[in-house]
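Everything below concerns the one structure shown next.
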Amino acid sequence: MRFGSPAHRRFSSGATYPNIPLSSPLPGVPKPIFATVDGQEKFETKVTTLDNGLRVASQNKFGQFCTLGILINSGSRYEAKYLSGIAHFLEKLAFSSTARFDSKDEILLTLEKHGGICDCQTSRDTTMYAVSADSKGLDTVVGLLADVVLHPRLTDEEIEMTRMAVQFELEDLNMRPDPEPLLTEMIHEAAFRENTVGLHRFCPVENIGKIDREVLHSYLKNYYTPDRMVLAGVGVEHEHLVECARKYLLGVQPAWGAPGAVDVDSSVAQYTGGIIKVERDMSNVSLGPTPIPELTHIMVGLESCSFLEEDFIPFAVLNMMMGGGGSFSAGGPGKGMFSRLYLNVLNRHHWMYNATSYHHSYEDTGLLCIHASADPRQVREMVEIITKEFILMGRTVDLVELERAKTQLMSMLMMNLESRPVIFEDVGRQVLATHSRKLPHELCTLIRNVKPEDIKRVASKMLRGKPAVAALGDLTDLPTYEHIQAALSSRDGRLPRTYRLFR
């Protein structure tokens, strides 16, 4: 073996530029030109309104693929004068045969040529038809979307298949171990009894056989009009999108005929409060080697505000501050393990299986609710814990927990907006509701400006209203609605004491 100074390894670039540190530019190499933003950020959403009232909105995002779709101001809240369940049917009938395409397979094959996928979702106030595909196929995709929305054939065979799909979905909804979708339906029904967002989102069983092409056309004629639509795109050139919109969505007569006198339900949501109870044996919901124990599920909600109001941001921060989740959850602060429902409820009461806060917001109202699950024998105690947490919302807010909730809300917002389909939905929904879009940095500024007194103010105002309650499972020990209301009006959130002569 030879010992001496170690040999220097020669790298491929070592001979050309010896002894030049990485922090200095290399001699003889052209100076790089970096992309810059000139004053105004290049993230603004461009919006153009066509002659027929249809809005076209687009957002720049670089990449090979784009997401675009048509959002319509239509959903279950507009079904007061119709058979309930039309929006549910239309969601299932989406991307079926049209005037230009003989079958769903033909639509999927057309999309496949551009690496595309499609989806349709309905909520209480919005219907969304969306496609993600290669940007080069923009013209084809806009033409296909226009055909799917305005020229569906709605054949007898397709409607019959949809009836079967809806029937299956309703059965699945009642059998699944996770009752959250059913409870959300029930709490809306209790909070807004028989009006707007309280109408059934899922088609009632008795209406499945009654909905046909004639019923669907009578609804489409009133609600699928250009002034209630937004064509939104992410990752597309705005001018090209407007050009395609003019080509396929301007001056087009839909399958249900020329629009006559339009009869649109413009009712404002009326919050009523109340209780919806469904007694059900939950002991055999999930059998198997490790069966889920029998649980009773309770959801208590209060009216918040619409997403158009200034108080929407403080309510969003309050919801994040409450947080919560299941009793088993892995992860650290990013999962919300320091939120109130974890610290004050799940960490202290080991017998509770779930405590989660939800905030539903619409253009004229909102609903902040807490969902909790426990053994049927501990329902009364569980309800009292929830009512106490509601009362504590209107008390002093710790600055540390407020800052944590604000940071978590901003990080969740920014992480979600890294996804192209999420940007598309955000652009579409905001432009549909307000004709413009608040950018992420504007929303972050509003979140940062929330102060403890804002949280206290919105919570105190919310607590003055009547509660909405949804209960599912064995409800033997469920307190009366009047007792829950009394607890939410008290200073400490305690339920009135009850005395029994015989136990």
Side-chain angles (χ1 to χ4, degrees), residues 73-81 84 87 123-126 180-202 204 264-278 297-319 322 356-372 383 386-387 389-394 429 433-434 454-472 478-490 493:
N73 206 347
S74 149
S76 57
R77 71 169 292 164
Y78 300 107
E79 291 176 0
K81 297 177 184 174
S84 189
S123 61
R124 293 174 196 281
D125 54 0
T126 311
E180 198 267 322
L182 190 58
L183 280 166
T184 303
E185 182 80 359
M186 289 163 64
I187 196 88
H188 277 84
E189 208 177 314
F192 306 94
R193 199 170 285 270
E194 294 177 6
N195 76 88
T196 57
V197 293
L199 299 174
H200 295 286
R201 193 168 84 79
F202 298 104
V264 170
D265 182 0
S266 52
S267 309
V268 175
Q270 301 296 317
Y271 181 85
T272 59
I275 186 166
I276 298 283
K277 298 190 283 188
V278 176
H297 304 274
I298 307 290
M299 204 179 254
V300 178
L302 289 163
E303 187 180 22
S304 59
C305 73
S306 106
F307 55 65
L308 299 173
E309 294 176 49
E310 285 183 4
D311 284 346
F312 172 65
I313 299 291
F315 267 116
V317 174
L318 173 61
N319 179 53
M322 297 310 293
T356 313
S357 174
Y358 296 97
H359 187 217
H360 305 279
S361 204
Y362 305 96
E363 65 180 2
D364 51 3
T365 187
L367 192 64
L368 185 99
C369 33
I370 295 176
H371 165 213
V383 171
I386 295 173
T387 55
E389 283 304 315
F390 268 112
I391 295 297
L392 287 170
M393 287 181 196
R429 283 181 184 276
T434 66
D454 295 325
I455 301 291
K456 196 173 177 180
R457 175 177 52 79
V458 297
S460 302
K461 181 183 170 188
M462 176 178 73
L463 285 162
R464 289 198 286 271
K466 286 172 68 179
V469 182
L472 176 69
L478 178 72
T480 62
Y481 177 75
E482 290 70 27
H483 280 192
I484 296 171
Q485 194 172 354
L488 288 166
S489 307
S490 68

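Below, all heavy atoms of this structure are taken into account, side chains as well, without hydrogens, waters or symmetry copies.
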Donor-acceptor pair, side chain of Ser357 and main chain of Ile370, under 3.5 angstrom: no
Grab the two heavy atoms, one from His200 and one from Glu79, that are nearest each other, plus how far apart they are. O-OE1, 4.3 Å
Closest heavy-atom pair and its distance - Gly394, Leu463: N-CD1, 4.3 Å
Looking at every heavy atom in both Arg201 and Glu185, which two are closest together, and how far apart are they? N-OE2, 2.8 Å
Please round to the nearest 0.5 Å and tell me the distance separating atom CE of Met322 and atom CD of Glu389. 4.5 Å
Treating Asp364 as the side-chain partner and Ala269 as the backbone partner, does any N or O pair qualify as donor plus acceptor under 3.5 Å? yes
Any side-chain heavy-atom pair of Thr126 and Asn73 under 4.5 Å: no
Does anything in residues 456-471 pair up under salt bridge (charged side-chain N to carboxylate O under 4.0 Å, His left out), and if so which pairs, sequence neighbours excluded? Asp311-Arg457, Asp454-Arg457
Side-chain contact test, heavy atoms from C-beta onward, threshold under 4.5 Å: evaluate it for Ile484 versus Thr387 and give yes or no. yes
Close side-chain approach of Arg77 and Leu199, heavy atoms under 4.5 Å: no
Between Ile391 and Ala487, the two heavy atoms sitting closest are CD1-O, 3.9 Å
Just do the side chain to side chain contact (heavy atoms under 4.5 Å, CB included) check on Val197 and Asp125 with the steps written out, would you? CA-CA 8 Å; Val197 293; Asp125 54 0; 5.7 Å; no
A side-chain contact here means heavy atoms from C-beta on lying under 4.5 Å apart; do Gln270 and Phe192 qualify? no
State plainly whether the residues Arg124 and Glu363 are in salt-bridge range, i.e. N to O under 4.0 Å. no
Yes or no on side chain to side chain contact (heavy atoms under 4.5 Å, CB included) for Thr184 and Met299, after CA distance, side-chain angles and deciding distance? CA-CA 8 Å; Thr184 303; Met299 204 179 254; 4.2 Å; yes
Starting at CD1 of Ile187, measure out to CD1 of Ile298 and round the result to the nearest 0.5 Å. 9.5 Å
Are Ile276 and Arg193 side-chain neighbours, meaning at least one heavy-atom pair lies under 4.5 Å? yes
If you compare all heavy atoms of Tyr271 against all heavy atoms of Leu367, which two are closest, and at what distance to 0.1 Å? CE1-CD1, 4.0 Å
side-chain contact (heavy atoms from CB on, under 4.5 Å) involving Lys81 - partner list, sequence neighbours excluded: Asp263
Distance in Å, Asn195 CG paired with Thr365 OG1, rounded so as to fall on 0.5 Å steps: 9.0 Å
For the rings on His359 and Phe307, is their centre-to-centre separation under 6.0 Å? no
Side-chain touch Met462/Phe315, heavy atoms, less than 4.5 angstrom: yes
Does the side chain of Phe312 come within less than 4.5 Å of Glu310's, by heavy atoms? no
Sub-4.5 Å side-chain heavy-atom contact between Pro467 and Tyr481: yes
Supply the atom-to-atom distance His483 NE2 to Leu488 CG, rounded to the nearest 0.5 angstrom. 13.0 Å
Minimum heavy-atom separation for Ser361 to Cys305, with atom names? OG-O, 3.0 Å
Kindly determine whether Leu368 and Met393 satisfy side chain to side chain contact (heavy atoms under 4.5 Å, CB included), including the steps that lead there. CA-CA 12 Å; Leu368 185 99; Met393 287 181 196; 3.9 Å; yes
Interatomic spacing from CD in Glu189 to CG in Leu183 - rounded to 0.5 Å: 12.0 Å
